[in-house]
Amino acid sequence: MAVTKHTKQILARLDEAYGTEQICYLNHENAWQLLMATILSAQCTDARVNIVTKDLFVKYDSLEKFANADVKELEEDIRSTGFYRNKAKNMIACARRIIDEFGGEVPSSLDDLTSLAGVGRKTANVIRGNIFHDPSIVVDTHVKRISKRLGLTKHEDPYQIELDLMKELPKDHWISYNMQIITFGRQICIARSPKCEECFLADLCKVKGK
DNA sequence: CTCCCGATAT
DNA sequence: ATATCAGGAG
């Protein structure tokens, strides 16, 4: 499967602008912390998640603490991330199942990860990429919006977008693409008001200025 | 498809 | 007032 010149140009400019180093914007010290942080990041900015987890991971300093947490208390501890009832319930169930079914270790396969409460394809791929360094494409709102703007996919469904990107992007760019697009999406191709005047991909964009 | 749901920019 | 933010489950 040949990579189109259009795609090569995009990747070359992203590499030049942001490098290819693997960076995670969710603060964490281990696998279960990243898992909990990623569950919290659903429909919430990473900046907000980092504020919450700063205290959260001191109070809950192990999976066992989450497994035995009081739901109401955990709800208040994570309230500002939104969807706090679902998230608190999922975090507790998730911690219990990792302890009971996976010997206390965060599993590495997509199927095992998505079998956990509150863990969908996006969260699972964050863990696979950042913890286990398995090539994976995380389709979040930035990747979705910008991949469409750049003409790398026409789909709305995140899984279909993931398949399109896996076909179009060389495997060694999968992880860096995610980091680059998130950075790009926050600095330039902002959802509410994209800065097309200062965008280094404007000439390759399908919907420039719209 | 609907519901979960607070913080922030416009 | 409205859209959007590193989504997932029923």
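What you see is a predicted model; the values in this text were computed from it and never measured. Chain identifiers are assigned alphabetically (A, B, ...) following the order of the sequence lines, protein sequences preceding nucleic acid strands; residue numbering begins at 1 within each chain.
With the nearest nucleotide of DNA chain C identified for both A/Val126 and A/Gly118, A/Val126 has the one nearer the 5' end. Remark on DNA chain C: of its neighbouring residues A/Ala117 and A/Asp140, the 5'-side contact belongs to A/Asp140, judged by nearest-heavy-atom nucleotide.
Nearest nucleotide to the A/Arg85 side chain, out of C/dG7, B/dC4, C/dT4: B/dC4. For A/Ser193, counting side-chain heavy atoms from C-beta on, the closest listed nucleotide (B/dT10, C/dG7, C/dC5) is B/dT10. Comparing B/dA9, C/dA6, B/dG6 by their nearest atom to the side chain of A/Arg192 picks out B/dA9. Listed candidates were B/dT8, C/dG7, B/dC5. Nearest to the side chain of A/Arg48 is B/dT8. Checking B/dT10, B/dC5, C/dA6 against the side-chain heavy atoms of A/Phe83 singles out B/dC5 as nearest.
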List the steps and the verdict of salt bridge (charged side-chain N to carboxylate O under 4.0 Å, His left out) for A/Glu75 and A/Lys89. CA-CA 8 Å; A/Glu75 284 180 4; A/Lys89 182 159 52 73; over 6 Å; no
Report the C-alpha separation of A/Lys122 and A/Val126 in whole Å, then their side-chain angles, then the decisive distance to 0.1 Å, and conclude whether the side chain to side chain contact (heavy atoms under 4.5 Å, CB included) test is met. CA-CA 6 Å; A/Lys122 177 257 174 179; A/Val126 167; 4.1 Å; yes
Test salt bridge (charged side-chain N to carboxylate O under 4.0 Å, His left out) on A/Asp55 and A/Lys59; report intermediate values, then the result. CA-CA 6 Å; A/Asp55 295 328; A/Lys59 180 171 178 179; over 6 Å; no
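Rounded to whole angstrom, the span from the CG atom of A/Leu34 across to the C1' atom of C/dA6 amounts to 11 Å. B/dC5 atom P lies 8 Å from atom CD of A/Glu75, rounded to whole Å. Atom pair A/Tyr159:OH and C/dG7:P shows a separation of 20 Å (rounding to whole Å applied). As a whole-Å value, the separation of A/Ile127 CD1 from C/dG7 P is 14 Å. Taking atom CZ on A/Arg186 and atom C1' on C/dC5, their separation rounds to 11 Å, with Å as the unit. In this structure, A/Arg121 atom CZ and C/dA6 atom C1' are separated by 16 Å, rounded to whole Å. A/Lys144 places its NZ atom 13 Å from the C1' atom of C/dC5, with the value rounded to the nearest Å. Between A/Asn50 atom CG and B/dG6 atom C1' the separation is 17 Å, expressed in whole Å.
At a threshold of 4.0 angstrom between heavy atoms, the contacts of A/Tyr25 include nucleobase atoms, whether or not backbone atoms are also involved. Within 4.0 Å of A/Ile78, counting heavy atoms only, lies no atom of the nucleic acid at all.
Taken to the nearest 0.5 Å, the CZ atom of A/Arg145 stands 5.5 Å off from the SG atom of A/Cys189.
Taking the C1' atom of each, B/dC4 and C/dC5 are spaced 15 Å apart, rounded to whole Å. C/dT2 and B/dC5: their C1' atoms are spaced 16 Å apart (whole Å). Taking atom P in both C/dA6 and B/dT10, the straight-line distance is 14 Å, to the nearest Å.
OP1 and OP2 of C/dA6 both lie 4.0 Å or more from every side-chain N or O belonging to A/Thr123. A sub-4.0 Å separation between OP1 or OP2 of B/dG6 and a side-chain N or O of A/Thr81 is absent.
Taking the six-membered ring where the residue is Trp, A/Phe66 and A/Tyr60 present parallel rings, their angle staying beneath 30° rather than reaching 60°.
A heavy-atom distance below 4.5 Å is found between the side chains of A/Glu64 and A/Ile99.
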